[in-house]
S.K.: 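Attaching a single structure in structure tokens format; questions to follow.
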Protein chains: 2
Amino acid sequence: MATIREIAKLANTSIGTVSNYLNEPSLVAESTRKRIEEAIEFFDYHPKAAARSLKSRFTHRIGLVPLISSEDNRSENPGDNAFLELLAGINTVAAENKYDILLSAATNHADEMKTYQRLFGEGNVDGIILQGIQSEDERILFLKKKKFPFVAYGRSDLPIQYAYVDIDGGQGIIQAITYLKSLGHSRIAYITPSKSLMCTRQRWDGFIQGMSQNELQIRDEYLIEGDFSEKSGYESTKAFMNLNTPPTAVLTSNDVCAFGVMRCLKEMYLIPGKDLSVIGFDNVSLSQHWQPQLTTFAQPFRKIGFLLMESLLDMIHGREQFPHKLVQPDLIIRESTGPVC
Amino acid sequence: MATIREIAKLANTSIGTVSNYLNEPSLVAESTRKRIEEAIEFFDYHPKAAARSLKSRFTHRIGLVPLISSEDNRSENPGDNAFLELLAGINTVAAENKYDILLSAATNHADEMKTYQRLFGEGNVDGIILQGIQSEDERILFLKKKKFPFVAYGRSDLPIQYAYVDIDGGQGIIQAITYLKSLGHSRIAYITPSKSLMCTRQRWDGFIQGMSQNELQIRDEYLIEGDFSEKSGYESTKAFMNLNTPPTAVLTSNDVCAFGVMRCLKEMYLIPGKDLSVIGFDNVSLSQHWQPQLTTFAQPFRKIGFLLMESLLDMIHGREQFPHKLVQPDLIIRESTGPVC
DNA sequence: GTAGGGAATTGAAACGGTTCAATTATGGCA
DNA sequence: TGCCATAATTGAACCGTTTCAATTCCCTAC
């Protein structure tokens with residue numbers, strides 16, 4: 001395989017000039033450039049990545065540690081499609097900027113931090129994208145301490161500055177309430193996710209703002225803290241529908257919870273979208289095959305991937321310090337919502 | 001960041017010995033080993049990947065070019081989950097062997113070959129996994145010519161030796177026929193995929209063998225060459241059911257085709273699994289939510305990922321030349337098949 | 001004719017490991 | 001004690017780029 005020295009020799013110039021051509025062609029005179037191009041063509045020359053990054057300190061790679069469930073599952077895991085769309089988005093921007101994605105997995109979950117230390121320590125990548133952010137996320141603390149470029153998909157509750165892209169759950173809720181109001185709803189219930197989660201607070205702020213903006217009254221008996229389970233949807237609905245004046249619409253914490261709501265309605269011979277409008281969150285693939293099809297929020301994962309990669313490149317090249325970006329979820333209107341009777 | 005020289009100095013030994021420790025600890029005496037370990041611990045030392053692979057010619061990375069659909073789709077694309085499971089399998093074996101996966105995308109489809117040339121030419125990876133094999137696949141020709149380690153998921157019709165992992169569609173069909181026979185079926189129809197595809201021939205061989213093994217008669221009017229479309233399932237079924245003695249069971253080319261079969265039955269007020277047993281191929285996520293749930297073949301993608309990576313490692317390390325591996329598809333029995341009435 | 005300055009080019013040093021032939025240490029045995 | 005085989009260690013050379021200070025080239029202005 002040809003090296004830069006052979007190219008230089010054939011093009012009758014020095015390796016320094018060839019290197020310049022490779023990295024900043026404008027530094028090279030027209031005639032020299034032509035000869036170098038011919039030599040490169042002749043040898044089908046590609047500069048070796050290892051040599052390049054040894055000296056330049058740039059790998060043109062970014063790191064990503066996939067969350068892989070250990071068991072074999074081809075199930076409806078909503079995260080699956082999400083990850084793939086995310087990857088597609090990241091990959092698109094990466095390719096446009098001549099970057100590759102390095103996927104590193106830990107053999108077991110306990111070793112996950114070791115994977116990040118290795119990615120960083122061995123100089124395998126120029127930056128890292130984090131997903132599945134947790135409260136007090138130690139990966140964030142680690143990378144921040146090392147001053148290594150990274151972007152997180154999701155906000156944590158750490159009191160430090162770092163780059164992230166996240167869903168604007170609050171704006172979503174506002175949008176949903178406005179939509180429900182336009183259908184004539186005023187008695188809107190809300191099954192919130194568990195209080196301990198980051199997204200809950202953001203959505204809750206949106207709920208308050210959305211209700212006041214639409215001049216609707218928040219009623220305590222219409223609020224239940226659930227979790228992401230089917231059961232919490234089922235049980236909350238039971239409680240709601242046994243009130244003297246039950247709500248006419250309910251916002252749930254996610255699609256699975258919304259399925260629980262609908263199961264309860266079915267048992268009570270009530271019809272989703274008619275007796276109670278139901279809105280989910282996530283747009284899992286089942287939601288469009290359910291009977292009735294579920295109105296829900298979709299996260300534009302591909303766009304999130306774009307933004308993650310763009311932010312990371314900005315950081316790597318020192319164009320920005322800690323970019324923050326929020327994206328609106330898409331309200332996908334299907335059959336589980338309808339005008340109030 | 002510490003280098004191997006600093007480690008050697010602190011451990012009071014030479015860089016050669018430290019390098020030995022890193023790569024083949026058995027070469028280093030116990031006492032020296034201890035001092036080196038302490039020094040590594042002290043500096044939190046990680047050998048730089050670039051320096052390592054510059055001289056050793058091993059990157060500890062394998063390359064994979066994902067097939068990314070350009071449009072934003074969070075649809076039921078059956079390939080999506082497949083790819084993720086495949087990746088999970090590859091990643092697991094890779095991690096166990098201290099390998100990472102390099103994902104490289106082309107900005108547009110026309111440049112795909114360039115991506116492979118770059119992956120190879122820049123020395124970015126030790127080997128490559130190919131998916132979506134096509135007839136006369138130029139990637140295979142290229143990598144073969146360069147004598148670069150690669151494993152393909154799927155067979156092509158090229159008359160050259162290369163490593164692959166593939167589904168044993170023929171064995172699947174035999175299994176399906178044996179299963180149908182056990183339910184009392186003898187009039188079995190088969191909607192084959194298009195003749196031009198590699199898998200068709202393999203499945204067809206299985207069909208012949210399965211029928212003769214079960215002492216069943218192949219009848220020409222029960223054979224239709226379809227494609228992977230819903231429509232071909234629909235129209236073939238119309239033809240079958242208008243015969244004087246219609247079949248009691250039908251094997252289809254894939255799940256989508258099977259859905260077409262069932263739509264036709266519904267129109268004719270016939271019941272899948274009762275009036276006609278239907279077997280799909282692929283186990284797309286819809287197949288278990290269909291009414292009735294579809295009996296179909298699932299590909300064990302995660303296992304395929306294992307095998308791909310294991311084969312590739314064998315080739316990289318010169319343990320095998322062109323490993324071939326076939327895996328059985330899993331017949332998933334659901335509601336669209338039943339005993340003959 | 002010459003000074004000045006920008007554009008183009010040069011080549012040695014550096015990046016941080018691995019490799020390997022050569023050297024030294026160690027232990028067993030007569 | 002001396003000899004030999006084997007284990008352990010050494011360090012210089014090398015991998016193929018980038019980098020940068022120094023040099024050369026070329027043109028313009030005076």
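The sequence lines fix the lettering, A, B, ..., with proteins before strands; numbering per chain opens at 1. Computation of the quantities below employed the complete heavy-atom set of this structure, encompassing side-chain atoms and omitting hydrogens, waters and symmetry-equivalent molecules.
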S.K.: When the distance from NZ of B:Lys55 to C1' of D:dA12 is rounded to whole Å, what number comes out?
M.R.: 11 Å
S.K.: If you measure only the distance, is there a donor-acceptor pair under 3.5 Å linking the side chains of A:Tyr45 and A:Glu6?
M.R.: no
S.K.: Can you find a side chain N or O atom of B:Tyr21 that sits less than 4.0 Å from OP1 or OP2 on C:dT18?
M.R.: no
S.K.: If you take the centroid of each ring, where Trp contributes its six-membered ring, are A:Phe120 and A:Phe148 closer together than 6.0 Å?
M.R.: yes
S.K.: Do any side-chain nitrogens or oxygens of B:Arg5 fall under 4.0 Å of OP1 or OP2 in C:dC15?
M.R.: no
S.K.: With respect to the phosphate group of C:dG16, does any side-chain polar atom (N or O) of A:Arg57 fall under 4.0 Å of OP1 or OP2?
M.R.: yes
S.K.: Starting at atom CD1 of B:Ile15, determine the distance to atom P of D:dA13, rounded to an integer number of angstrom.
M.R.: 12 Å
S.K.: Check this one for me: any side-chain N or O of B:Ser19 less than 4.0 Å away from OP1 or OP2 of C:dT18?
M.R.: yes
S.K.: In whole angstrom, what separates A:Leu22's CG from D:dT18's C1'?
M.R.: 10 Å
S.K.: Whole angstroms only, please: what is the CD1-P distance between B:Ile4 and D:dA12?
M.R.: 15 Å
S.K.: Does any donor atom in the side chain of B:Asp100 or A:Ser104 lie under 3.5 Å from an acceptor atom in the other side chain?
M.R.: yes
S.K.: Return the value, rounded to whole Å, for the distance between atom NE2 of A:His46 and atom P of D:dC15.
M.R.: 21 Å
S.K.: Under the salt bridge (Lys or Arg N to Asp or Glu O under 4.0 Å) criterion, do B:Glu112 and B:Arg139 qualify, and how do the steps go?
M.R.: CA-CA 9 Å; B:Glu112 203 190 332; B:Arg139 301 169 300 172; 3.7 Å; yes
S.K.: Find every protein N or O atom lying less than 3.5 Å from an N or O atom of nucleotides 5-9 of chain D, and list the pairs.
M.R.:
unit_1, atom_1, unit_2, atom_2, d
D:dT9, OP1, B:Thr32, OG1, 2.1
D:dT9, OP2, B:Ala29, N, 3.1

S.K.: Take the protein atom CG of A:Asn23 and the nucleotide atom C1' of D:dC20, then report the distance between them rounded to whole Å.
M.R.: 14 Å
